[in-house]
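The structure under discussion appears below in the form of structure tokens.
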Amino acid sequence: MTLFFHDTLTRRKVPFVPLDPAHVRLYACGPTVYDHAHIGNARPVVVFDVLYRLLRHHYPRVTYVRNITDIDDKINARAAESGQDIRELTETTARDFQRDMAAIGSLPPDREPRATEHVVEMISMIEALLAREHAYAADGHVLFSVQSMPEYGALSRLDREQLIDGARVDVAPYKRDPADFVLWKPSAAGTPGWDSPWGFGRPGWHIECSAMSHAYLGKTFDIHAGGIDLVFPHHENEIAQTRCAFGTHAMASVWMHNGFVTVEGEKMSKSLGNFYTVHDLLADWPGEAIRYALLAAQYRAPLDYGRRGLAEARSALDRLYQALRPTGTVEPTTPSEPVLEALGDDLNTPLALAGLHRQASALNRADTDAERREIAGELRASGLLLGLLQSDPEAWFQAGATTGPDEAGIRRLIHARNEARAARDFATADRIRDQLRADGIALEDGADGTSWKRLS
RNA sequence: GGCCCGGUGGCAGAGUGGUGAUGCAGAGGACUGCAAAUCCUUGUACGUCGGUUCGAUUCCGGCCCGGGCCUCCA
């Protein structure tokens with residue numbers, strides 16, 4: 001089946017044709033590690049994790065590269081203000097990031113390169129740009145010459161005049177053209193930096209992704225992904241650097257960008273301070289609900305994130321796990337056709353989730369155990385593509401609150417209640433149930449006995 | 001100012017030129033000692049004004065409203 005993805009460069013949904021069907025190559029821009037990831041940072045991780053899972057389902061080999069930006073002036077500033085060692089700050093933050101992303105069900109990428117480990121490649125790329133006269137050195141800086149590339153601006157559809165008119169920063173005096181951007185800049189002694197042909201300094205922001213994507217995926221690869229706010233300048237400049245350094249016609253075949261997460265209609269961002277960190281959300285919500293809520297809207301649409309959406313996500317997962325409950329932990333078999341089609345149509349995750357619910361309905365209606373096991377296997381396989389429904393259903397319902405009675409105590413009370421019920425002493429039975437309810441435990445009397453859930 | 005997204009029922013959110021996804025919430029019924037869970041039934045939604053059409057929520061245009069980008073940003 002042909003997959004379709006929306007390509008930012010052409011603003012169209014295009015059929016996906018891998019450059020090499022035997023090896024699909026995907027790059028996504030990763031975090032700058034100076035602070036906990038917020039839910040806006042998590043969205044591309046989760047969305048493109050689904051993309052990665054889908055590609056792996058359809059192709060024999062996929063290489064997914066997601067960088068970690070550990071060279072950045074914000075990192076330096078944070079380290080300076082907290083008195084922390086830069087390396088320690090970036091290592092800790094990177095580890096927290098990986099832990100948080102795993103907690104919301106995302107697979108690790110195949111490669112997770114760090115900018116600090118690729119400065120040599122960045123320098124040689126800058127040298128290539130200088131040799132081809134797409135860049136110039138001035139005043140300890142090396143700048144990319146935007147005028148040397150006629151197609152500059154194609155991704156963001158901005159032309160040079162607009163860039164200059166709209167610029168929010170002062171134009172540095174060493175720039176030949178106000179639109180030129182930095183490839184290398186000098187570092188003061190005692191601040192982070194590397195020796196280079198242009199003196200002690202550090203790379204500009206964009207060059208790291210050009211260097212690292214080239215190092216692991218080559219001069220041209222299949223898909224480059226990231227948040228929509230990276231279209232300009234980051235991806236525009238990556239394209240300029242990579243194409244001009246290698247003389248290619250494209251950096252990636254398809255450019256995919258996720259919409260941002262909003263809070264009460266406004267963009268969530270660190271600069272506005274209106275963000276939820278994944279770390280904090282995990283204290284109150286299952287990671288799977290955090291993930292589900294991120295997949296509840298199509299990835300290009302804005303997503304308003306908050307308690308309501310999280311509560312809905314948890315209810316929806318309750319329903320899906322409830323359907324899986326009678327069959328326990330059956331192995332995933334084959335994802336359902338509607339789910340595959342939904343995901344293959346530009347990652348239509350809300351439609352795919354609807355497919356999961358339809359499967360759950362069918363499962364709830366199934367008459368025989370064999371039928372139940374078959375549908376459950378398919379439902380789990382469909383869920384696997386979305387990174388959902390891989391837990392033991394009982395564990396899903398019984399996880400959560402650490403207060404209240406323990407499992408043995410609950411079982412004892414259920415036993416006592418069932419004895420009362422058998423004796424038709426419903427007053428006692430109801431008292432026990434009410435007491436458990438007050439402790440956050442809900443009972444369900446089924447054909448095979450009484451099961452319980454924690455309410456949170 | 002330039003460029004780009006959106007406006008769908010109580011809420012979230014798909015989709016389509018002509019039998020009104022999906023979930024949550026609501027109503028009725030079945031099941032149950034009573035519940036819960038589940039199943040069945042139930043909702044005259046597509047910002048606005050025009051145009052095209054036999055027919056538009058779906059295509060085209062104007063307008064209104066919301067949001068984003070224009071070198072911090074996922």
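Naming: A, B, ... by sequence-line order, numbering from 1 per chain.
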Does A/R300, at its CZ atom, have more than 12 non-hydrogen atoms belonging to other residues, nucleotides or ligands within less than 6.0 Å? yes
Taking CG from A/L303 and P from B/G67, how many angstroms apart are they, rounded to a whole number? 17 Å
Most 5' of A/S315 and A/H206 on RNA chain B, judged by nearest nucleotide: A/S315
Measure from the side chain of A/Q322, starting at C-beta and using heavy atoms only, and say which of B/U38, B/C3, B/A74 lies closest. B/U38
What is the distance, rounded to the nearest whole Å, between atom CG of A/L351 and atom P of B/A14? 10 Å
Take atom P in B/C60 and the same atom in B/U16, then report the distance between them in whole Å. 14 Å
Toward the 5' end of RNA chain B, by each residue's nearest nucleotide, A/W205 or A/P302: A/P302
Regarding A/N258, tell me which of base, sugar-phosphate or nothing describes its non-hydrogen contacts under 4.0 Å with the strands shown. base
As a test of understanding, state which of A/F48, A/Y27, A/Y52 forms a ring pair (Phe, Tyr, Trp, His ring centres under 6.0 Å) with A/Y64. A/Y52
Between B/G33, B/U71, B/A74, which nucleotide gets closest to the side-chain atoms of A/F426? B/G33
Please give the distance between the C1' atoms of B/C63 and B/U22 as a whole number of Å. 34 Å
Quick one: is B/U38 close enough that its OP1 or OP2 comes under 4.0 Å of any side-chain N or O from A/R325? no
Any side-chain heavy atom of A/R43 within less than 4.5 Å of one from A/L303? yes
Under 4.0 Å, counting only non-hydrogen atoms across every strand here, what does A/V261 touch: a base, just sugar-phosphate, or nothing? base
Where does the angle between the aromatic ring planes of A/H36 and A/H279 fall among parallel (under 30°), tilted (30 to 60°) and perpendicular (over 60°)? parallel
Within 6.0 Å of CG in A/D434, more than 12 heavy atoms from elsewhere: yes
Integer angstrom distance from the C1' of B/C11 to that of B/G26: 12 Å
Give one of base, sugar-phosphate or nothing for A/L230, where a contact means two heavy atoms less than 4.0 Å apart. sugar-phosphate
Could you tell me whether the phosphate oxygens of B/U71, OP1 or OP2, come under 4.0 Å of any side-chain nitrogen or oxygen in A/N237? no
Which part of the nucleic acid, if any, lies within contact of A/Q298, taking any heavy atom under 4.0 Å across all strands shown: a base, the sugar-phosphate backbone alone, or nothing? sugar-phosphate
Give the rounded distance in Å between these two atoms: NE2 of A/H257 and P of B/C73. 13 Å
Let's see if you can work this out: which of B/U71, B/G33, B/C34 has an atom nearest to the side-chain heavy atoms of A/A429? B/G33
Could you tell me how far apart A/D72 (CG) and B/C73 (P) are, to the nearest whole angstrom? 8 Å
Indicate whether OP1 or OP2 belonging to B/C69 is found under 4.0 Å from a side-chain N or O atom of A/K267. yes
Using the C1' atom as the point on both nucleotides, what is the distance between B/U42 and B/G9, in whole Å? 14 Å
Sugar-phosphate, base or nothing in reach of A/R421, heavy atoms under 4.0 Å: base
A/H357 atom NE2 is separated from B/A12 atom C1', nearest whole Å, by 12 Å
Below 4.0 angstrom from OP1 or OP2 of B/A74, is there any side-chain N or O of A/N41? yes
For RNA chain B, which consecutive runs of 3 or more Watson-Crick or G-U pairs (each distance under 3.5 Å) count as stems? B:1-7 with B:64-70, B:10-12 with B:22-24, B:26-30 with B:38-42, B:47-51 with B:59-63
Indicate, yes or no, whether a donor-acceptor pair under 3.5 Å links the base of B/C24 to the side chain of A/R319. no
Whole Å only: how far is the CG atom of A/L324 from the C1' atom of B/U38? 14 Å
Taking 4.0 Å as the cut-off, does a side-chain nitrogen or oxygen of A/R358 come that near to OP1 or OP2 on B/U22? yes
Taking any heavy-atom pair under 4.0 Å as a contact, classify A/A297: base, sugar-phosphate, or nothing. sugar-phosphate
hbond_proxy A/D430 side chain to B/G33 base (donor-acceptor, 3.5 Å cutoff): yes
What nucleic acid atoms does A/G40 come within less than 4.0 Å of, heavy atoms only: base, sugar-phosphate, or nothing? base
Per atom distances to the A/E312 side chain, the nearest of B/C11, B/C34, B/C3 is B/C11
Hey, is the main chain of A/P186 close enough, under 3.5 Å, to the side chain of A/R202 for a donor-acceptor pair? yes
Examine the base of B/C31 for any acceptor or donor lying under 3.5 Å from a partner atom in the side chain of A/D445, and report the outcome as yes or no. no
Hey, which of A/R25, A/H257, A/E238 is the one that makes side chain to side chain contact (heavy atoms under 4.5 Å, CB included) with A/H224? A/E238
Can you identify which nucleotide, out of B/U71, B/A14, B/A37, has its nearest atom closest to the A/E444 side chain? B/A37
Could you give the distance separating B/G10 and B/C69 at their P atoms, to the nearest angstrom? 31 Å
Anything under 30° is parallel, anything over 60° is perpendicular, the rest tilted; go ahead and classify A/Y152 against A/F232. perpendicular
By nearest atom, which of the nucleotides B/A35, B/A74, B/U71 is closest to the A/F260 side chain? B/A74
Using atom C1' of each nucleotide, how far apart are B/G66 and B/U8 to the nearest Å? 15 Å
Which listed nucleotide (B/C73, B/C3, B/G33) is nearest to the side chain of A/K74? B/C73
Contact class for A/R307 (heavy atom, under 4.0 Å): base, sugar-phosphate, or nothing? nothing
Flag this pair as yes if the NZ/CZ of A/K13 is under 6.0 angstrom from the six-membered ring centre of A/F4 and inside a 45 degree cone about the axis; otherwise no. no
Aromatic ring centroids of A/Y216 and A/H118 under 6.0 Å? yes
Between B/C39 and B/C24, how far apart are the P atoms? Round to whole Å, please. 9 Å
Would you say A/N348 places a side-chain N or O within less than 4.0 Å of OP1 or OP2 belonging to B/A14? no
Using the C1' atom as the point on both nucleotides, what is the distance between B/G23 and B/G13, in whole Å? 9 Å
Rounded to whole Å, CZ of A/R365 lies from P of B/C31 at a distance of 20 Å
Can you confirm whether A/I86 sits close enough to A/D70 that some side-chain heavy atom of one is under 4.5 Å from a side-chain heavy atom of the other? no
Rounded to whole angstrom units, what separation is found between the OH atom of A/Y321 and the P atom of B/U38? 16 Å
